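These figures come from a predicted structure and were not determined experimentally.
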Amino acid sequence: MKQRVLLFGFEHFGDYFENPSEIVCRRLEGKSVGGCRVLCRVLPVEYKAVEAAVVGDIDSHKPILVLGLGLAAGRSQICVEKVALNFRDVNLKDNSGFRPEHDRIELDGPVALEAKIPVNKAVESLRGAGIPAKLSLSAGGYLCNNVMYLICREARRRGILGGFVHLPAHEELVAKLGRDIPSMNISTMIRSIRL
């Protein structure tokens with residue numbers, strides 16, 4: 001049986017009626033990358049649902065790599081995240097209307113967990129391929145950070161690779177929103193995640 005890579009993307013949220021993480025994830029579903037089969041799961045933007053979804057899919061599929069993808073509207077580059085914080089605290093409700101306040105993701109867990117992928121090498125590889133990329137030290141305080149923390153925790157427990165990548169808004173989304181925010185085309189994002 002072919003080894004598996006598990007990609008997590010997110011559904012739309014807030015004003016962002018499309019999420020490039022979902023689009024990229026779905027377009028890579030079933031593809032072969034580096035000799036591995038890519039499996040895609042689109043997560044709900046709901047704090048109370050993500051842990052069971054992430055852990056359940058990792059349990060079911062036993063991947064060698066788990067990579068979360070999220071939208072970072074306002075960023076102009078592919079951002080490879082280095083650290084997930086054990087906090088949920090942002091002035092933004094999830095899609096169910098829930099907003100955590102000063103919560104820990106894991107009550108007795110470490111304050112931060114590092115990605116279990118070679119983040120610096122990943123950034124260098126992307127730049128070498130002509131893709132704007134940078135190392136990021138903060139996955140924020142919203143669902144992306146929450147999912148990255150879960151991925152990093154599970155990667156450590158299982159001895160597998162795990163990390164998170166933030167994507168800019170895609171061109172079509174920016175055009176439809178009519179806002180002056182950076183964008184990148186979906187094909188470049190797909191190429192970056194394959195790399």
Side-chain angles (χ1 to χ4, degrees), residues 3-11 13-14 19 21 24-25 36 38-75 77-96 98-126 133-167 192-193:
Q3 292 183 311
R4 297 174 178 134
V5 169
L6 181 57
L7 282 185
F8 286 112
F10 283 100
E11 66 183 2
F13 66 97
N19 193 324
S21 71
V24 169
C25 200
C36 296
V38 178
L39 302 173
C40 159
R41 296 294 176 261
V42 176
L43 296 170
V45 178
E46 294 182 23
Y47 285 102
K48 294 175 181 174
V50 293
E51 182 162 4
V54 168
V55 175
D57 279 329
I58 295 171
D59 280 342
S60 295
H61 301 295
K62 299 180 179 24
I64 62 164
L65 164 65
V66 182
L67 192 63
L69 307 177
L71 166 62
R75 293 190 192 181
Q77 302 178 67
I78 300 293
C79 295
V80 181
E81 299 295 346
K82 187 175 179 81
V83 178
L85 299 177
N86 189 8
F87 296 104
R88 300 187 300 191
D89 192 10
V90 69
N91 288 324
L92 185 60
K93 293 178 181 178
D94 69 10
N95 285 354
S96 74
F98 175 72
R99 183 174 67 85
E101 292 185 48
H102 316 297
D103 286 355
R104 297 286 291 256
I105 296 165
E106 186 176 37
L107 199 55
D108 298 322
V111 171
L113 290 173
E114 279 190 68
K116 291 282 291 171
I117 58 172
V119 293
N120 293 316
K121 187 176 177 184
V123 170
E124 289 168 19
S125 294
L126 292 169
K134 70 176 185 176
L135 183 67
S136 171
L137 296 178
S138 173
Y142 197 45
L143 267 295
C144 290
N145 176 74
N146 197 134
V147 167
M148 181 182 176
Y149 186 91
L150 297 171
I151 289 170
C152 293
R153 183 191 73 192
E154 296 304 311
R156 275 169 177 64
R157 287 179 178 171
R158 299 157 197 266
I160 61 174
L161 297 170
F164 199 94
V165 176
H166 264 118
L167 306 171
S192 72
I193 299 307

Can you list everything that forms a side chain to side chain contact (heavy atoms under 4.5 Å, CB included) with Ile64? Sequence neighbours excluded, please. Gln3, Cys36
With sequence neighbours left out, what residues match Ala73 under side chain to side chain contact (heavy atoms under 4.5 Å, CB included)? Tyr16, Leu71, Ile181
With sequence neighbours left out, which residue pairs that include part of residues 59-68 fulfil the salt bridge (Lys or Arg N to Asp or Glu O under 4.0 Å) condition? Asp59-Arg158
Which residues share a side-chain hydrogen bond (donor to acceptor under 3.5 Å, both in side chains) with Asn91, sequence neighbours left out: Arg99
Those residues that, when tested against Leu85, pass side chain to side chain contact (heavy atoms under 4.5 Å, CB included) (two or more places apart): Val83, Phe87, Ala112, Asn145
So, do Tyr149 and Pro110 sit near enough that their side-chain heavy atoms are less than 4.5 Å apart? yes
Please answer whether the main-chain N or O of Arg88 pairs with a side-chain N or O of Tyr142 as donor and acceptor at a distance below 3.5 Å. no
Would you say the side chain of Leu113 lies within less than 4.5 Å of the side chain of Asn86, judging by non-hydrogen atoms? no
Any non-hydrogen side-chain atom of Phe8 less than 4.5 Å from a side-chain atom of Val66? yes
What residues form a salt bridge (Lys or Arg N to Asp or Glu O under 4.0 Å) with Arg104, not counting sequence neighbours? none
Let me see the working for Val147 and Phe10 under side-chain contact (heavy atoms from CB on, under 4.5 Å), right down to the final yes or no. CA-CA 10 Å; Val147 167; Phe10 283 100; 3.5 Å; yes
Between Glu81 and Arg75, is a salt bridge (Lys or Arg N to Asp or Glu O under 4.0 Å) present by the stated rule, with each step listed? CA-CA 13 Å; Glu81 299 295 346; Arg75 293 190 192 181; 2.9 Å; yes
Who passes side-chain hydrogen bond (donor to acceptor under 3.5 Å, both in side chains) against Glu11, sequence neighbours left out? Asn95
With Ile117, which residues qualify under side chain to side chain contact (heavy atoms under 4.5 Å, CB included), at least two apart? Leu65, Leu67, Val80, Ala115, Val119, Leu161
Using 4.0 Å as the upper bound for N to carboxylate O, is an ion pair formed by Arg157 and Glu106? yes
Who are the side-chain hydrogen bond (donor to acceptor under 3.5 Å, both in side chains) partners of Ser192, not counting sequence neighbours? none
Determine the minimum heavy-atom distance between Ala139 and Cys144, stating which atoms define it. O-CB, 4.0 Å
d(Leu135 CG, Leu126 CG) to nearest 0.5 Å is 11.5 Å
List for me each residue that meets ring pair (Phe, Tyr, Trp, His ring centres under 6.0 Å) alongside Phe164, sequence neighbours excluded, and say none if there are none. His166
So salt bridge (Lys or Arg N to Asp or Glu O under 4.0 Å) across residues 113-123, not counting sequence neighbours, yields Lys82-Glu114
Would you mind writing out the side-chain donor-acceptor pairs for residues 41-57 within the sub-3.5 Å range, not counting sequence neighbours?
from: Arg41; atom 1: NH2; to: His61; atom 2: NE2; distance (Å): 2.9
from: Glu51; atom 1: OE2; to: Arg153; atom 2: NH1; distance (Å): 3.2
from: Glu51; atom 1: OE2; to: Arg153; atom 2: NH2; distance (Å): 2.9

Could you tell me which non-hydrogen atom of Cys79 sits nearest to which non-hydrogen atom of Ser136, and how far apart they are? CB-CB, 4.0 Å
